[in-house]
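Each chain gets a letter, A, B and so on, in the order the sequences are listed, and its residues count up from 1.
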Protein chains: 2
Amino acid sequence: MRELIAKYREKGFKLTPQRLAILNFLDGNTSHPTADDIYREIKKNYPAVSFATVYNTLQALRDRGKVAEITIDFQKKHYDPDIRPHHHIICTECNKIADVFQDYSEALRLPYNIKGEFQSTGNHVNFYGICKKCRNLSRYVSKRENKKRRTKLCA
Amino acid sequence: MRELIAKYREKGFKLTPQRLAILNFLDGNTSHPTADDIYREIKKNYPAVSFATVYNTLQALRDRGKVAEITIDFQKKHYDPDIRPHHHIICTECNKIADVFQDYSEALRLPYNIKGEFQSTGNHVNFYGICKKCRNLSRYVSKRENKKRRTKLCA
DNA sequence: TTACAAATTTAGAATTATTCTAATTTAGAT
DNA sequence: ATCTAAATTAGAATAATTCTAAATTTGTAA
Ligand SMILES: [Mn+2]
Ligand SMILES: [Mn+2]
Ligand SMILES: [Zn+2]
Ligand SMILES: [Zn+2]
């Protein structure tokens, strides 16, 4: 945490109590929170905190490459304080997200027709699945609203 | 197109002129349009068409597994009338999206720790890159707003 | 054909996530 | 202690999407 502070103080990143709370919440967090998740958490200790502050801080961190936004949820952005390259798996029942640390770059070669059109700079894999908890629940629950499940282009 | 109509008429899917226009626009379309793209296109021939109709139709198609939504753009949903399993590459400069038809499932094995927690049902790869057009442009344009580029968890 | 119920269309309001604004406060430097 | 740039705040603005309720249309069956 000490180092965190030092790390951010450079580059005119002012450290306010609100920001420290946000930084602290994010540090080592593997839950991929949304802005709202963060807001509700920070509000516990800083009841006057504003939504704008959360967004401002996230933008500041994002612009400095300290958090990543992940494209996995249709409704809202999720933030990831772990900026090491990695992938994600999301439970299609409860939307729980987990990290997948594994480099597939070697295997993810683009087909020739694409290589002519695009110069690839990176890749990110979204895995879909059912988490353990939901798998157990589904024993007792009839598979309702199956038709409403989104069509995913899953391989 | 004849078959398209027959295909949708089953299951109480009523075919209105507006829907036919949408179906027609989507049929074989590889541009991954947003709801707004579709709306603006349909409006050319049906100036009175409503946004709600576009969304309603997309929902109906989605619920019947006839179009997929793709998670690649932070701002809005893109729709894909091609529901064969495939992946995408997006230009980080102009957001152009292209299809990547290649099955990487064999290589995309989950690490053991995840296998215990999730039962995987599918995967989707987002590639990032620069398209040919933007690559050429960038010769003449200074690399502005480089700092504002989002941190992507690219491998 | 005609009649009809159920599905669809529509304008506009509502909702939700995110960004912007402008006045006030605060952090960090001197 | 002073000062300025940066950060905070409430609330308004924006943008994508969904909802509502009344009017219209479709497909079907008499
Ligand atoms: Mn992660
Ligand atoms: Mn596609
Ligand atoms: Zn789950
Ligand atoms: Zn491009």
Under the 3.5 Å rule, do the base of C/dA6 and the side chain of B/Lys14 count as making a donor-acceptor pair?
yes
So which nucleotide from D/dA16, D/dT8, C/dT10 ends up closest to the side chain of A/Asn56?
D/dT8
Select base, sugar-phosphate, or nothing to describe what B/Thr53 touches, counting heavy atoms under 4.0 Å on all strands.
base
Taking the nucleotide of DNA chain D with the nearest heavy atom to each, does B/Phe13 or B/Thr34 sit closer to the 5' end?
B/Thr34
Length of the CZ-C1' vector between B/Phe51 and C/dG12, whole Å:
14 Å
Is the closest side-chain donor-acceptor distance between B/His32 and B/Asp99 under 3.5 Å?
yes
According to a strict under-4.0 Å criterion, is B/Gln59 in side-chain N/O contact with OP1 or OP2 of D/dT18?
yes
Does the ring center of B/His124 lie less than 6.0 Å from the ring center of B/His88?
yes
With respect to the phosphate group of D/dT8, does any side-chain polar atom (N or O) of A/Thr16 fall under 4.0 Å of OP1 or OP2?
yes
Would you indicate, yes or no, if C/dT19 has its OP1 or OP2 atom less than 4.0 angstrom from a side-chain nitrogen or oxygen of A/Tyr55?
no
State, to the nearest 10°, the angle formed by the axis through the first five base pairs of the helix from C/dT1-D/dA30 to C/dT30-D/dA1 and the axis through its last five.
20°
Report the distance from atom CG of B/Asp73 to atom C1' of C/dT18, rounded to the nearest whole Å.
14 Å
Any sub-3.5 Å donor-acceptor pair from A/Thr121's side-chain atoms to B/Tyr128's backbone N or O?
yes
Nearest-Å distance for atom pair CG/C1', residues B/Asp37 and D/dT17
15 Å
Take the protein atom CD of A/Gln18 and the nucleotide atom C1' of C/dA27, then report the distance between them rounded to whole Å.
11 Å
Please list, in numerical order, the residues of residues 41-49 of chain A that have a heavy atom closer than 4.0 Å to any atom of DNA chain D.
A/Ala48, A/Val49
Can B/His87 and B/Tyr104 be said to form a ring pair (Phe, Tyr, Trp, His ring centres under 6.0 Å), step by step?
CA-CA 9 Å; B/His87 308 283; B/Tyr104 301 105; 5.4 Å; yes
Nucleotide of C/dC20, D/dG27, C/dA27 approaching A/Pro17 most closely (side-chain heavy atoms)
C/dA27
With the side chain of A/Lys77 defined as its heavy atoms from C-beta on, choose the nearest nucleotide among D/dT18, C/dT10, C/dT18.
C/dT18
Residue B/Thr57, side-chain atoms from C-beta onward, closest of C/dT9, D/dT17, D/dT9
C/dT9
For A/Phe101 and A/His86, take the angle between the two ring planes, folded into 0 to 90°, and tell me which bin it lands in: parallel under 30, tilted 30 to 60, perpendicular over 60.
parallel
Closest to the A/Ala35 side chain: D/dC19, D/dG27, C/dT18?
C/dT18
Under a 3.5 Å distance rule, please check whether A/Thr92 uses its side chain to pair with a backbone N or O of A/Gly129 as donor and acceptor.
yes
Please tell me if A/Ser50 has a side-chain N or O lying less than 4.0 Å from either OP1 or OP2 of D/dT8.
no
Proximal nucleotide (of C/dA11, C/dG28, C/dT19) relative to the A/Leu15 side chain
C/dG28
Under the side-chain contact (heavy atoms from CB on, under 4.5 Å) test against A/Ile90, which residue among A/Ile70, A/Ile72, A/Asn126 passes?
A/Ile72
Give the rounded distance in Å between these two atoms: CG of A/Asp63 and C1' of D/dA7.
15 Å
Under a 3.5 Å threshold, yes or no: a donor from one side chain and an acceptor from the other, between B/Ser31 and B/Asn29?
yes
In whole angstrom, give the distance that lies between atom CD of B/Glu69 and atom P of D/dA16.
15 Å
Distance in angstrom units between B/Arg64 CZ and C/dA7 C1', rounded
10 Å
Closest to the A/Ala52 side chain, choosing from C/dT18, D/dT9, D/dC19
D/dT9
From D/dT8, D/dT26, D/dT17, pick the nucleotide closest to the side chain of A/Arg19?
D/dT8
Can you tell me if B/Thr53 and B/Asn56 form a side-chain donor-acceptor pair at under 3.5 Å?
no
I need the CG-C1' distance between A/Leu20 and C/dT26, as an integer number of Å.
13 Å
Under 4.0 Å between a Lys/Arg side-chain N and an Asp/Glu carboxylate O for A/Glu93 and A/Lys96?
no
Identify whether NZ of Lys or CZ of Arg in B/Arg19 sits under 6.0 Å from the centre of the six-membered ring of B/Phe13 and within 45° of that ring's axis.
yes
